[in-house]
Chemist: 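Got a structure for you, questions after.
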Amino acid sequence: MDSNLFNRLLSAAACRVVYPESFGQMDDNSSSVGSDNIDWNTDDELEITNEQEIANNISSSSSVSMSTNGTVLSEFGESSSSSNYLSKLHRFIKMGFPQAMVEKVIAEIGDHDIDAILDTLLSYTYLDETPHQEQELNDSFVKSESIFESDFSDLDDSCSDEDTNESFEKDDSLVCLIDMGYSHGEASAAITRCGKDVPLSELVDFISAAHISKQADAEFDALTYEEEVLKQPKDKKRKSQKGNFLMKKKTIEKKPKRKRKNEDEDDDVLHLPNPMIGFGVPHEPFHNIHRTLPDAAIGPPYFYYENVALTPKGVWNTIKRFLYEIEPEFVDSKFFCAAARKRGYIHNLPLTNRFPIQPLPPRTIFEALPGTKKWWPSWDKREQLNCILTCIGSAQLTDRIRLALENSNSKGECECEPSEQVKKFVINQCKKWNMVWTGKTKVAPLEPDEIELIMGYPIYHTRGANRAERYKGLGNAFQVDTVAYHLSVLKNLYPHGTNVLSLFSGIGGAEVALHRLGIPMKNVVSVEKSVVCQNILQDWWEQTNQTGNLIHISDVEDVTVEKLGEWIGRFGGFDLVIGGSPCNNLAGGNRRTRDGLEGEHSSLFYDYFRILDGVKSIMGTN
DNA sequence: ATCACCATGATGCATGAA
DNA sequence: TTCATGCATCATGGTGAT
């Protein structure tokens, strides 16, 4: 896409009252679940287990963000219907329809007939082809539901005036599509695919077709699953049926997938580099220090975004499209420390004169955990650990492995190696759960302080939190050496210190990295939901005698344009906007809700973009 | 109410054989 | 090329003890 177009899209997007699909999704999140009850970053306070409870929670909450759905729920009466309602609301918002529109349609025709709702939504979308009409429709939704009260309302007025005077048709199309509730990515993709001069109806048709196809697929899955599985008794039969079903689905899907591979798969999939060294890592010969950033991407401020590399398909493409078409830098932290950590980073930092922080961290298991060497059998060839996750192997697994090894050894009645089968079992489990040898027949998970060392944090950085919180905080954190290597280029640029906006701070990986680089922090605004993590960062801030000012904000929703303007006015601008948005719905370890970028937690990426773009707008206008 | 503990697969890529 | 197999993966939700 041409960069000018994209600039305009972004600036227009920043001025919308009604955010596109993604933001509708986000609104749904914030209103479906009480903001006091969800830890977006660490997710362990997720006490709500079903929609019934969610509905109850909403109705009993007095949070400001609840007000919207508070009125909605009161219209639908009992919590059971609320649950149903929420489920359907969520479903249609996921399809890309604006929340306000879905609420309106369900209020009009009820929530029983899904087809009717879909038809009505589509006809609304089709009928309102002209920008003027669509704007009115959305405005009426906004007013009647009194939803989007805050962030961009001031800007919107001025921008809509500009829009009406806008003479570029292609920009109008983008703005209209965004107004209609489609995401930037969808809108830009549709224009790219269909051409810039096609009628709006054709663009809508393109996007709607994609939605319907996606939804039909999902519904087919759900229906077939229900038909085939729910009839069966529970437990094993159920599992096997599900397995059969999935096998069927795979065989059905395979052919079209291959066709796409030859055609346009490259449009949707970003390829991960092998070896995963990004623009270069220490001790590796390959380095690329030349890249051309799109105009819209150039700072100030510098920004740095991080998430897991191994996401469902298309996620990184979407992230890239939002973050100014910058190519992600995929790096495995195994080149920096003793554990693998495959992550993608999108940033607009310079690439020249990077340097690692000293002292260099241990790169092998034996260097990081010398106590394990004594027990490490020769047939366990691991030299580095797998990714540090948020939970650890069970004590029962340790016992099972101990028994397997003891039985295998006693059979041979000698000190020889266990059988190949036992070795394979043990190795697989050790790799899966990152267990290390702590005895002749004993493997155990890493202790929190060992993980702190590997992840580049001061020892006992997370001390004080309970064990599960420590594992979770560390499992969600930056690998400090990796991030610091990328941020090292800032040292010469800001000898007198930086102002940092740290989003989804967690246990403070960004702050620790800057500190270890010797880059002073004048002001840090840290946005982090978890009180435990806030305390960890605050304690570290005090222990390291930071002279700067640390401000805690608990919710990204509270980071409004007004707040950003206030901080920017006070600090003279942010030098760095840094953060990794929640990966819960992207991570491979998630069995239940790996829903992609539109998932409950991971959709907070759009808040990262919203805030970053807000900072860029304000600093640009200033 | 809090915390420790544990069982719970699917996805997408890499690799190599047919 | 196609297919089978191997492999790693910032997690979730339930249960029970305190």
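Each chain gets a letter, A, B and so on, in the order the sequences are listed, and its residues count up from 1. All heavy atoms count here, side chains included; hydrogens, waters and symmetry mates do not.
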Chemist: Would you tell me if any nitrogen or oxygen in the side chain of A/Asn466 comes within less than 4.0 Å of OP1 or OP2 on B/dC3?
Modeler: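 For A/Asn466, the contact criterion (side-chain N or O under 4.0 Å from OP1 or OP2 of B/dC3) is met.
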
Chemist: Return the stems involving DNA chain C, sorted by first number, where pairs are Watson-Crick (N1-N3 with N6-O4 or O6-N4) or G-U wobble (N1-O2 and O6-N3), both under 3.5 Å, and runs are 3 or more long.
Modeler: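 Detected stem regions: B:1-8 with C:11-18, B:10-18 with C:1-9.
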
Chemist: Less than 4.0 angstrom between a side-chain N/O of A/Asn584 and OP1 or OP2 of C/dT12, yes or no?
Modeler: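 It does, given that an N or O in the side chain of A/Asn584 lies less than 4.0 Å from OP1 or OP2 of C/dT12.
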
Chemist: Please check if the side chain of A/Ser602 supplies one atom and the backbone of A/Pro582 the other of a donor-acceptor pair under 3.5 Å.
Modeler: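 The answer is yes, because a donor-acceptor pair under 3.5 Å joins these two groups.
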
Chemist: Report the distance from atom CD1 of A/Ile388 to atom P of C/dA11, rounded to the nearest whole Å.
Modeler: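 Taking CD1 of A/Ile388 and P of C/dA11, I get 11 Å after rounding.
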
Chemist: Once you round it to whole Å, what is the distance between P of C/dG13 and CG of A/Asn590?
Modeler: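 Those two atoms, CG and P, are 8 Å apart.
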
Chemist: N/O contacts under 3.5 Å, protein versus nucleotides 5-7 of chain B?
Modeler:
residue	atom	partner	partner atom	Å
B/dC6	OP1	A/Gln396	N	3.4
B/dC6	OP2	A/Ala395	N	2.7
B/dA7	OP1	A/Gln396	OE1	3.1

Chemist: Without decimals, in angstroms, what is the distance between A/Asn585 CG and B/dT11 P?
Modeler: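 Roughly 15 Å, once rounded to whole Å.
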
Chemist: Would the base of B/dC3 count as contacting A/Glu469 through its side chain, where contact means a donor and an acceptor less than 3.5 Å apart?
Modeler: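 Answer no: no donor N or O sits under 3.5 Å from an acceptor.
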
Chemist: Distance check, C1' atoms only: B/dG9 and C/dG6, in whole angstrom units.
Modeler: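 Looking at atom C1' only, B/dG9 and C/dG6 are 16 Å apart.
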
Chemist: Measure the distance from CD1 on A/Ile507 to P on C/dC10 and round it to the nearest whole Å.
Modeler: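 Taking atom P of C/dC10 as the reference, CD1 of A/Ile507 is at 16 Å.
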
Chemist: Roughly how many Å apart are B/dA7 and C/dC10, using the P atom of each and rounding to a whole number?
Modeler: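 My reading of the P atoms in C/dC10 and B/dA7 gives 22 Å.
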
Chemist: Roughly how far, to the nearest 0.5 Å, is the OH atom of A/Tyr608 from the CD atom of A/Glu306?
Modeler: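 If we round to the nearest 0.5 Å, A/Glu306:CD and A/Tyr608:OH are 10.0 Å apart.
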
Chemist: Just compare B/dC13, C/dT12, B/dA14 and give me whichever is closest to any side-chain atom of A/Thr593.
Modeler: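 Of all the options, the side chain of A/Thr593 is nearest to C/dT12.
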
Chemist: Please answer whether the main-chain N or O of A/Gly506 pairs with a side-chain N or O of A/Glu528 as donor and acceptor at a distance below 3.5 Å.
Modeler: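 Checked: pair present.
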
Chemist: Taking the ring of A/Tyr305 and the ring of A/Phe605, is the distance between their centroids below 6.0 Å?
Modeler: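 Yes, the ring centres sit under 6.0 Å apart.
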
Chemist: Atom CG of A/Asp595 to atom P of B/dT11: distance rounded to whole Å?
Modeler: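 In whole Å, B/dT11 P lies 12 Å from A/Asp595 CG.
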
Chemist: Enumerate the residue pairs fulfilling salt bridge (charged side-chain N to carboxylate O under 4.0 Å, His left out) with a member in residues 443-466 of chain A, sequence neighbours excluded, ordered by first and then second residue.
Modeler: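 For residues 443-466 of chain A, and leaving out neighbouring residues, the salt bridge (charged side-chain N to carboxylate O under 4.0 Å, His left out) pairs sorted by first residue read A/Glu447-A/Arg467, A/Glu452-A/Arg470.
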
Chemist: May I have the distance from A/Leu389 (atom CG) to C/dT12 (atom P), rounded to whole angstrom?
Modeler: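 Checked: the CG to P distance equals 12 Å.
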
Chemist: Between A/His486 and A/Tyr304, is any side-chain donor less than 3.5 angstrom from a side-chain acceptor?
Modeler: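 Yes.
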
Chemist: For the residue pair A/Ser526 and A/Ser502, confirm or rule out a side-chain donor-acceptor distance under 3.5 Å.
Modeler: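 The criterion, which ignores hydrogens and geometry beyond distance, is not satisfied for A/Ser502 and A/Ser526.
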
Chemist: Answer yes if the side chains of A/His347 and A/Glu329 hold a donor-acceptor pair under 3.5 Å, and no otherwise.
Modeler: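 Result is yes, a qualifying pair exists.
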
Chemist: Any side-chain heavy atom of A/Glu284 within less than 4.5 Å of one from A/Phe335?
Modeler: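 Yes, their side chains come closer than 4.5 Å.
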
Chemist: Supply the atom-to-atom distance A/Glu406 CD to A/Ile401 CD1, rounded to the nearest 0.5 angstrom.
Modeler: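 It comes to 12.0 Å.
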
Chemist: Got a list of protein N/O to nucleotides 6-8 of chain C N/O distances below 3.5 Å?
Modeler:
none

Chemist: With sequence neighbours left out, what residues match A/Ala404 under side-chain contact (heavy atoms from CB on, under 4.5 Å)?
Modeler: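 In terms of side-chain contact (heavy atoms from CB on, under 4.5 Å), with neighbours along the sequence ignored, A/Ala404 is linked to A/Val422, A/Phe425.
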
Chemist: Just how far, in rounded Å, is C1' of C/dA11 from CG of A/Leu474?
Modeler: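 Taking CG of A/Leu474 and C1' of C/dA11, I get 16 Å after rounding.
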
Chemist: Given that A/Pro312 and A/Gly589 both sit by DNA chain B, which one's nearest nucleotide is further toward the 5' end?
Modeler: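 It is A/Gly589, whose closest nucleotide lies nearer the 5' terminus.
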
Chemist: By side-chain contact (heavy atoms from CB on, under 4.5 Å), which residues pair with A/Pro361, not counting sequence neighbours?
Modeler: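 A/Pro361: side-chain contact (heavy atoms from CB on, under 4.5 Å) contacts with A/Asp481.
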
Chemist: Without decimals, in angstroms, what is the distance between A/Asp332 CG and B/dC13 P?
Modeler: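 Nearest whole value for this atom pair: 16 Å.
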
